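Down below is the structure, laid out as structure tokens.
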There are 2 protein chains.
Amino acid sequence: MSCSEAYAPQLRARGYRMTPQRHAILHTLCHSGKHLTPIEVYARARKQLTSLTEPTVYRTLEFLAENGLIHSAQIGNGRFVYEVTRHAHHHLVCRHCGKELEVDHQIVEKMYQKLESFSGYKITDRHINFFGICSNCQ
Amino acid sequence: MSCSEAYAPQLRARGYRMTPQRHAILHTLCHSGKHLTPIEVYARARKQLTSLTEPTVYRTLEFLAENGLIHSAQIGNGRFVYEVTRHAHHHLVCRHCGKELEVDHQIVEKMYQKLESFSGYKITDRHINFFGICSNCQ
DNA sequence: TTCCTTATTGCAAGAAGTTACAACAATATA
DNA sequence: TATATTGTTGTAACTTCTTGCAATAAGGAA
Ligand SMILES: [Mn+2]
Ligand SMILES: [Mn+2]
Ligand SMILES: [Zn+2]
Ligand SMILES: [Zn+2]
């Protein structure tokens with residue numbers, strides 16, 4: 001079984017290794033269907049691999065995000081959440097009720113280009129949370 | 001003396017109080033000239049008010065941000081930084097060397113409008129950090 | 001000034017996240 | 001197979017951030 005098998009070659013191609021820890025964490029994210037905090041990943045992945053530790057979870061999530069296998073986003077309180085990489089998208093989050101709305105990347109693509117040509121920076125973020133007030137809460 | 005005198009009426013108008021703690025924290029931010037982390041604010045403001053505690057700093061920064069007197073932004077590692085509210089602006093931050101570039105809000109204004117009409121959300125953020133790679137580091 | 005209301009703070013404890021470093025284990029090389 | 005290399009993990013200690021709650025004090029009313 002398992003989703004995370006598919007990721008092993010991606011890692012090996014870059015000189016990295018597929019370990020039981022990375023396997024468990026990817027498996028957890030694959031089957032969650034939503035954004036998870038490091039603590040949630042830790043709790044769930046540990047059911048599969050009891051020897052897993054907190055620092056490994058934090059390090060692995062950062063590592064997988066740097067290598068593009070997962071996406072991170074910062075939620076309102078400043079913490080990170082993660083999900084396996086899908087199509088490029090962002091989120092609108094209501095500061096009042098927490099309601100989330102997914103928006104395709106193409107809706108901000110033009111602004112990215114404007115920022116890039118203006119500044120010379122190449123913007124890397126492909127999973128941003130924009131905060132506001134949803135229509136119900138206004 | 002002091003910048004923070006000007007803020008007292010803003011607070012009182014909303015039923016809040018100007019305290020020595022809020023005074024010290026606003027004074028610190030007014031005179032820093034750059035984004036500060038809560039820990040930095042704590043260290044600096046304590047020189048002026050030695051009885052100040054950490055929880056008060058975190059609570060006060062959040063409170064002042066909610067009431068528009070200061071602006072928060074999340075830096076790459078997920079932590080918050082703060083500065084007194086100036087004109088609406090955002091930042092481009094290099095993931096490699098950390099170099100920051102300030103960009104006026106109007107450059108993202110159109111994208112905000114697009115997001116808002118598309119979603120019904122009213123976007124509140126006026127101080128976002130966009131991450132990428134600067135021209136030197138590319 | 002004195003009393004009252006309640007916004008605000010400090011304290012203590014705990015949760016979340018980070019770091020340094022030694023031990024381990026996967027892979028390459030001989 | 002034996003050895004070297006180095007990517008990866010666990011441990012322990014630490015820093016940063018949060019929460020519940022009792023004590024405090026700012027500002028309004030008498
Ligand atoms: Mn997402
Ligand atoms: Mn700024
Ligand atoms: Zn809402
Ligand atoms: Zn750079």
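Every value quoted in this text rests on a predicted model; they were computed, and no experiment measured them. Because only heavy atoms are used, hydrogens play no part in the values below, and waters and symmetry mates are left out as well, while side chains stay in. Labels below follow one simple rule: chain letters A, B, ... track the order of the sequence lines, proteins then strands, and each chain is numbered from 1.
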Atom pairs under 3.5 Å: protein N/O with N/O of nucleotides 11-19 of chain C:
residue, atom, partner, partner atom, Å
C:dG17, OP2, A:Y58, OH, 2.5
C:dG17, O5', A:Y58, OH, 3.2

In whole Å, I'd like the distance from the [atom1] atom of [X] to the [atom2] atom of [N].
X	N	atom1	atom2	result
A:L52	C:dC24	CG	P	18 Å
B:M18	C:dT6	CE	P	22 Å
A:Q21	C:dA25	CD	P	10 Å
A:R14	C:dT27	CZ	C1'	19 Å

Next on the checklist: Under 4.0 Å between a side-chain nitrogen and a carboxylate oxygen: does that hold for A:E102 and A:R86?
Outcome noted: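 Answer for the salt bridge query: yes.
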
Item to check | Short N-O contact, A:R46 and A:E54, less than 4.0 angstrom | outcome: no

Item to check | Range on DNA chain D touched by chain A, heavy atoms, distance below 4.0 Å | outcome: D:dT6 to D:dT18

Next on the checklist: Please check: side-chain N/O of A:H89 versus main-chain N/O of A:H87, any donor-acceptor pairing under 3.5 Å?
Outcome noted: yes

Next on the checklist: Test your reading of the model: is there a side-chain donor-acceptor pair from B:N129 to the backbone of B:Q74, 3.5 Å cut-off?
Outcome noted: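 Looks like yes, one N/O pair under 3.5 Å.
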
Checklist entry - If you link I, L, V, M, F, W and Y whenever their side-chain heavy atoms are under 4.5 Å apart, who else ends up in the same group as B:I75? => result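 Members other than B:I75 - counting any ILVMFWY side chain reachable under 4.5 Å - are B:V81.
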
Checklist entry - Taking the hydrophobic residues Ile, Leu, Val, Met, Phe, Trp and Tyr, and joining any pair whose side-chain heavy atoms are under 4.5 Å apart, which ones share a cluster with A:V41? => result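 A:Y7, A:L11, A:Y16, A:M18, A:I25, A:L26, A:L29, A:L36, A:Y42, A:L49, A:L52, A:V57, A:L61, A:F63, A:L64, A:L69, A:I70, A:F80, A:Y82, A:V84, listed by chain and number.
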
Checklist entry - Between B:T56 and A:P20, which is nearer to the 5' end of DNA chain C once each is assigned its nearest nucleotide? => result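 The residue closer to the strand's 5' end, by nearest nucleotide, is B:T56.
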
Checklist entry - What pairs with A:K122 under salt bridge (charged side-chain N to carboxylate O under 4.0 Å, His left out), at least two apart in sequence or on another chain? => result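 Partners of A:K122 by the salt bridge (charged side-chain N to carboxylate O under 4.0 Å, His left out) criterion, ordered by chain and then number, come out as A:E116.
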
Checklist entry - Which angle, to the nearest 10 degrees, lies between the helix axes at the two ends of the helix from C:dT1-D:dA30 to C:dA30-D:dT1, each defined by five pairs? => result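 The helix from C:dT1-D:dA30 to C:dA30-D:dT1 shows an end-to-end axis angle of 20°.
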
Checklist entry - Parallel, tilted or perpendicular for B:H91 and B:H35, by the 30°/60° rule? => result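 Plane angle over 60°, so perpendicular.
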
Checklist entry - According to the interplanar angle, ranging from 0 to 90°, do the rings of B:H31 and B:H27 count as parallel (below 30°), tilted (30 to 60°) or perpendicular (above 60°)? => result tilted

Item to check | Euclidean distance, A:T85 OG1 relative to A:R126 CZ, rounded to 0.5 Å | outcome: 12.5 Å

Item to check | Between A:H90 and A:H105: side-chain donor-acceptor atoms closer than 3.5 Å | outcome: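 Yes, because at least one side-chain N or O of A:H90 sits under 3.5 Å from a partner of the opposite role on A:H105.
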
Checklist entry - More 5' along DNA chain D: B:Y16 or A:R17, using each one's nearest nucleotide? => result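 First, find each residue's nearest nucleotide; the 5'-ward one identifies A:R17.
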
